[in-house]
A.B. asks: 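Have a look at the structure that comes next, please.
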Amino acid sequence: MEPTAHTGDGKRVLCIEDEHFISELYTRALTKAGYTVDVQLNGREGLKAAQTDTYDIILLDIMIPSITGIEVLNTLRDTTKTPKLHAKIVITTNLEQREEVRAKIESQADGYIVKAEITPRELVDFLSHIEA
Amino acid sequence: MSYFQSFIRQFRARLFVVILLNNVLILGDWYIVDQVVKLTGWWSFIAIFTVPLLTLGLIPWLSTSMLTQPTKFLWQAIMHLAPGTASEVGAPKPEELHLGRELVTNLINQLYQLTSVMHGMEQANVKAAQDLHANFIAGSLPLPLIVLDKDDMIVFTNEASAKYFNKPVNELVGQNVYTAVDMSFVSEDTLNGWLKSVKSTSVTADHSWERVRTALPGQEGGLQFDMAAHYNKDNPQGYEAILVLFDHTTMYSQDDQSLSFIALSVHELRTPLTLLRGYIEVFNEEIGPDLNEEMQRFMRQMDASAQQLAAFVDNILNVAKIEDNQLTLQLHEATWSDVIDTVINDMRLRAGVRGITIKTEIAADLPTAGADRYSIYEVLANLIDNAIKYSKDGDEITVSTTQNKDGVIETSVVDHGVGIDESILPHIFDKFYRNHRNRSQIGGTGLGLYLAKAIIEAHGGNIWVNSKVGKGSTFSFTVLPYSQIKGTDKAGDAPEMARSAHGWIKNHSFYRD
């Protein structure tokens, strides 16, 4: 396999993910591609980080402790609670949703990824498309 | 009263005249017999008494006929108005009456008025009875019933609906239906949307919805029902829309549970799979180039197995969705040769590894197809993948497409491989059916053809196979030209979702809308 191009350019990624080994793999691949990555293990901390810090991309898992990714997404998209966000939000989940729920989530997010269907390197490729 | 007094006066006057006439006659008679003819003895007695005897008959006759004539006219009037005898007795003509004409005319008029009032009362009674029936039926209807006016306000609802929504009738009536009942629909086809469209286009219309929810999946305590609606523009009673609900809360939530069990299992399977694939990738990148050929082959095999497992997990979910009737495709206009080229380009590399070539024969002037690109991709990739698996090294596979005599687009994948035994052919599209002989040598989930069949049928097409052992197999399927599905409910109006040029963004399932 050819090495991944450095597309990150120091852009900041917030990875809200409770599965340590997954966030480790994602951090590794993203850092290699030139991104700076922060990891938050639960919804509440993740939301706080997203609201107080500036990120270019937020990777958001749905099944996470304290508050769910859907609540985080809703809060981030609610302009009365969060000022308009610069970051692109990409849902990264292995959870299967009912059609109507998934459609609602997808309409609010900038991307939706089933983690088992892509490798970390493919995630990096995906993010470069989202940004473009 | 004045009519009656004048009648009595007239009657008295006439009786007076008659009696006077009678007396004059008797006196005249006596005078003539006694003074003019001068009869005596028995003759005079007979002559004098003859006239009083005659007038004795005349007076009652005259008086009774005078008295009874108004009664006769009244009888006629009553009989004329009485139900059932109207045709037998003609309408009275009081103008022919001499005595008591005004009284009788007045009485007859009163009679006519009375009957018309009674007739009105009778009709009101009938209406009241009908209302009572309607209320009784609505009240005892075991299904929730909601009636809306033209502003979507609830104007009527029944006991069943009060019980169903656990709100008293008077809390529902007068409310906007969307406020009173929080309904969520599976698709864009909502009650609100339908009412809006029929109000502008139709006088009457009927519609039904499946699986309406009062709480979103995952929320507690929601109801789930099917709903039928009748719309009647400008209904005189103000009943513009009538909704009837069929409760399926228990049934649908069982579906939810069985699907959510599968969804949960899938989630648990996917997490270790994500890690496996991630680590394999890291190993490949970091130490892959340094490994000897055998180890590199093992590494590739490990990667392929992990991918296969991921695909299998997806397939399990897709099968569950098919069986839960959640297979919904969005058919868009697609250039068929492009669809085929995309798949073949992705498959060529895999075929090339075993020296197998893929030839395409695409007819010119094919119409555009109505296709859900992602699911059609899966179908074609599956058929070509099978063809590669069952071909001998160095074989040729042909993918051909024509518009057949029925006008539909027919695509065939032809291989010259091992072929399929006749005994297996009828079961080839069954779930988990595989030739056990090949099981150990050739991978696969046993779900591919089952899914392919479901997808093609959802496209309105057919899929079939011809095969001979030792000669090879031909899998064929049809899809409809876009012109045939345009405007039908199969055609999706949603914009096509983005897919990267690499074709690997699998942020879709077969069934997304």
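So you know, we letter chains A, B, ... as the sequences are listed, proteins then strands, and number each from 1. Every value quoted in this text rests on a predicted model; they were computed, and no experiment measured them.
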A.B. asks: Shortest non-hydrogen contact from A:Pro120 to B:Gly278?
C.D. replies: CD-CA, 3.6 Å

A.B. asks: Roughly how far, to the nearest 0.5 Å, is the OG1 atom of A:Thr93 from the NE2 atom of B:His267?
C.D. replies: 5.5 Å

A.B. asks: Counting neighbours of OH on B:Tyr178 that are heavy atoms of other residues, nucleotides or ligands and sit closer than 6.0 Å, is the number greater than 12?
C.D. replies: yes

A.B. asks: Does B:Phe246 CZ have over 12 foreign heavy atoms under 6.0 Å away?
C.D. replies: yes

A.B. asks: Measure the CD-CZ distance between B:Glu285 and A:Arg28 for me, rounded to the nearest 0.5 Å.
C.D. replies: 7.0 Å

A.B. asks: Over all heavy atoms of both residues, which pair between A:Ala116 and B:Leu273 is shortest? Give the atoms and the distance, please.
C.D. replies: CB-CB, 4.3 Å

A.B. asks: If you compare all heavy atoms of B:Leu275 against all heavy atoms of A:Glu19, which two are closest, and at what distance to 0.1 Å?
C.D. replies: CD1-OE2, 4.4 Å

A.B. asks: Taking all atoms of both residues into account, what is the closest heavy-atom pair of B:Arg277 and A:Thr119, and its distance?
C.D. replies: NH2-CG2, 3.8 Å

A.B. asks: Which answer fits A:Leu25, side chain, backbone, both or neither, if we ask what part of it has an atom under 4.5 Å from a heavy atom of chain B?
C.D. replies: side chain

A.B. asks: Search all heavy atoms of A:Asn94 against all heavy atoms of B:Thr274 and return the closest pair with its distance.
C.D. replies: ND2-OG1, 2.9 Å

A.B. asks: Check this for me: B:Glu286, atom CD, are more than 12 non-hydrogen atoms of other residues, nucleotides or ligands nearer than 6.0 Å?
C.D. replies: yes

A.B. asks: Can you tell me if B:Glu281 uses its side chain to pair, donor with acceptor, with the backbone of A:Arg121 under 3.5 Å?
C.D. replies: yes

